[in-house]
Visitor: 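Provided herewith is a single structure, encoded as structure tokens, for subsequent inquiry.
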Amino acid sequence: MSRSASSRANRRGEPPPSPEPLPAPAVDSHTHLDIVLDGFRAEEPADDAAVDAEIAAAAAAGVPRLVQVGVDVASSRWSAELAARHPQVLAAVAVHPNEAGEGLADDDALAEIDRLAALPRVRAVGETGLDRYRTGPEGWAAQEASFRAHVRIAKEHGLALVVHDRDAHEEVLRVLDDEGAPGHVVMHCFSGDAGFAAACVERGFVLSFAGTLTFGNAGYLREAAAATPVDQLLVETDAPFLTPVPHRGRPNASRLVPHTVRALAEVTGVELALLCDALTTNAERVFGGWRDDPTG
Ligand SMILES: [Zn+2]
Ligand SMILES: [Zn+2]
């Protein structure tokens, strides 16, 4: 999601209670802690103690590993700094497609994303991609140019690519096929049907399911998840957006991802603890280990 949507998204009532903890650790592969905490703290920047409390609450619910995702230069810097100081957090850095559509992925911004991508705990470039829902046709050329630039940065640094695809399934595949996809591609907040899932799976991409998997009208997503090999699945919150049932419409947080993990266990028929193990294994394959320091 984009930062520009955050002020709207964060005024939706009190944060829901944490669910029963998962039986084994799982991963939130995509969260925006800065936007979560900005919302809670009414426009004041989040301080370290508030961030740490949010991360501790996730760990208490069985989610000790998070990927913090930047959407512009400022939030990408913040994400990289958080990951550098916090063992439970890895970072992804990018200019979001909606921001790119407004001209914000200029040469200076891309140079800074490239610089951040070299940091040891920045393990993905994203979220980047195409969004033909919020960005109108006048922004599509800039958005695609930005997506292509981010693909190249990911490949240069040997990092995973976190793809935002909103109403642009075929176009996203066209660009990735044309550029040559990086070794690890995560389709964040997967939003396609079983046919599109198959096209992603055959390319080796990983499908990350958000709270939308639990929505009553999302049978097509459950079919897509059921058809995806377990070793190509991830879960995410995209917090503060897309809060899973039974708290749909209230602010999301990483500690709520167990609702989505439980829904995924039901859909795939994989026993819950085994699914948690698989999600952690998949995340560490894609993003690298949380506690490994590749420089040390
Ligand atoms: Zn997104
Ligand atoms: Zn996002």
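As the structure lists them, so they are numbered: ligands from 1, and atoms in each ligand from 1. Numbers here simply count residues along the sequence, with the first being 1.
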Visitor: Would one find an N, O or S atom of C189, in either backbone or side chain, under 2.8 Å from the Zn ion (ligand 2)?
Guide: no
Visitor: Is the number of heavy atoms from other residues, nucleotides or ligands under 6.0 Å of E171 CD greater than 12?
Guide: yes
Visitor: What residues form a side chain to side chain donor-acceptor pair (under 3.5 Å) with T281, not counting sequence neighbours?
Guide: none
Visitor: Could you tell me how the ring of H259 sits relative to the ring of H247: parallel (under 30°), tilted (30 to 60°) or perpendicular (over 60°)?
Guide: perpendicular
Visitor: Would you mind naming the N, O or S atom of H32 nearest to the Zn ion (ligand 2)?
Guide: NE2
Visitor: I'd like to know if the Zn ion (ligand 1) has an N/O/S atom from H96 within less than 2.8 Å of it, counting both backbone and side-chain atoms.
Guide: no
Visitor: Which N/O/S atom belongs to D238 and is the closest one to the Zn ion (ligand 2)?
Guide: OD1
Visitor: In E127, which N, O or S atom comes closest to the Zn ion (ligand 2)?
Guide: OE2
Visitor: Work out the angle at the Zn ion (ligand 1) between NE2 of H188 and ND1 of H164, rounded to 10°.
Guide: 120°
Visitor: Salt-bridged, D48 to R85, with N to O below 4.0 Å?
Guide: yes
Visitor: Give a yes or no on whether D107 atom CG has more than 12 heavy-atom contacts from other residues, nucleotides or ligands under 6.0 Å away.
Guide: no
